[in-house]
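None of these values were measured; they are calculated from a predicted model.
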Amino acid sequence: MPASDSTPTVKDSNPSTPAADSVFVLLGAEPGIRRLVDRFYDVMDIDQDLKVLRDVHGASLDQARDKLFWYLCGYFGGPQLYIERFGHPRLRARHLPYSIGIKERDQWLLCMARAMQDLDYPEERIARLLEIFFGVADWMRNRDD
Ligand code: HEM
């Protein structure tokens with residue numbers, strides 16, 4: 001699993017041919033990741049108990065939808081759509097303008113869990129992906145509480 005901010009792997013440098021066993025392919029390549037990201041932001045918009053997370057975002061989620069989709073394609077071993085557009089993700093630095101603590105992190109993960117459940121991902125896949133997302137989301141925290 002290539003982490004976004006780690007040294008590029010061979011897979012990263014050859015984005016037109018994602019490995020058949022990559023998470024990218026497992027999740028249904030670009031259409032599958034688009035479905036996941038769209039569901040994620042729909043849930044964020046609808047579920048009232050995720051309001052703290054929703055309020056960190058601006059009025060429109062359109063830009064966030066596109067950017068998370070581009071980012072996750074590359075992160076999971078597919079084409080580096082985010083890097084092609086914006087260069088190195090510097091994900092933590094890009095989140096510094098937003099106040100992110102434990103509540104925001106946990107709502108992000110809950111939102112992603114619901115999106116995966118809504119798309120009928122198998123339980124063990126949800127558990128594995130949440131472990132991976134936990135690492136990234138926790139790293140994004142810039143508040144202790
Ligand atoms: C931990 C809780 C998190 C919060 C509260 C949060 C919040 C935000 C907000 C408010 C934006 C700006 C959206 C916009 O431009 O309209 C953003 C951008 C973004 N987030 Fe998060 N995020 C979190 C975690 C994550 C995680 C875990 C990932 C990846 C797995 C991620 C990936 C991204 C990406 C790729 C962008 C676009 C960055 C850019 O180019 O400006 N975020 N996030």
Keeping the roles fixed (side chain from [X], backbone from [Y]), state whether a donor-acceptor pair exists under 3.5 Å.
X	Y	value
R92	W139	yes
N142	Y98	yes
R141	A137	no
R94	P89	yes

Practice task
With the side chain counted from C-beta on, respond yes when R125 and L27 share a heavy-atom pair under 4.5 Å apart, and no when they do not.
Solution key: yes
Handout entry: Side chain proximity check, W70 to E84, heavy atoms < 4.5 angstrom
Key = no
Practice task
Would you mind telling me which of W108, Y75, F40 makes a ring-ring contact (aromatic ring centres under 6.0 Å, His included) with F133?
Solution key: W108
Handout entry: R65 to Y41, cation-pi by 6.0 Å centre distance and 45° axis angle
Key = no
Looking at [X] and [Y], what are the two nearest heavy atoms and their distance?
X	Y	answer
A64	H57	CB-CD2, 4.5 Å
V25	A20	CG1-O, 3.4 Å
A113	L130	CB-CD1, 3.9 Å
R39	D118	NE-OD2, 2.8 Å
F69	E30	CE1-O, 3.3 Å
P18	G78	CB-CA, 4.1 Å

Practice task
Inspect the contact between K51 and D45 and indicate whether a charged nitrogen and a carboxylate oxygen are less than 4.0 angstrom apart.
Solution key: no
Exercise for the section: Please identify each residue that fulfils side chain to side chain contact (heavy atoms under 4.5 Å, CB included) with A29, with sequence neighbours left out. Expected result: F24, P31
Practice task
Quick one: list whatever passes side chain to side chain contact (heavy atoms under 4.5 Å, CB included) with P97, sequence neighbours left out.
Solution key: none
Exercise for the section: Please identify each residue that fulfils side chain to side chain donor-acceptor pair (under 3.5 Å) with R143, with sequence neighbours left out. Expected result: S99, E104, D145
Completion exercise
Exactly one of Q117, R54, R114 clears side chain to side chain contact (heavy atoms under 4.5 Å, CB included) with V43, and that residue is R114
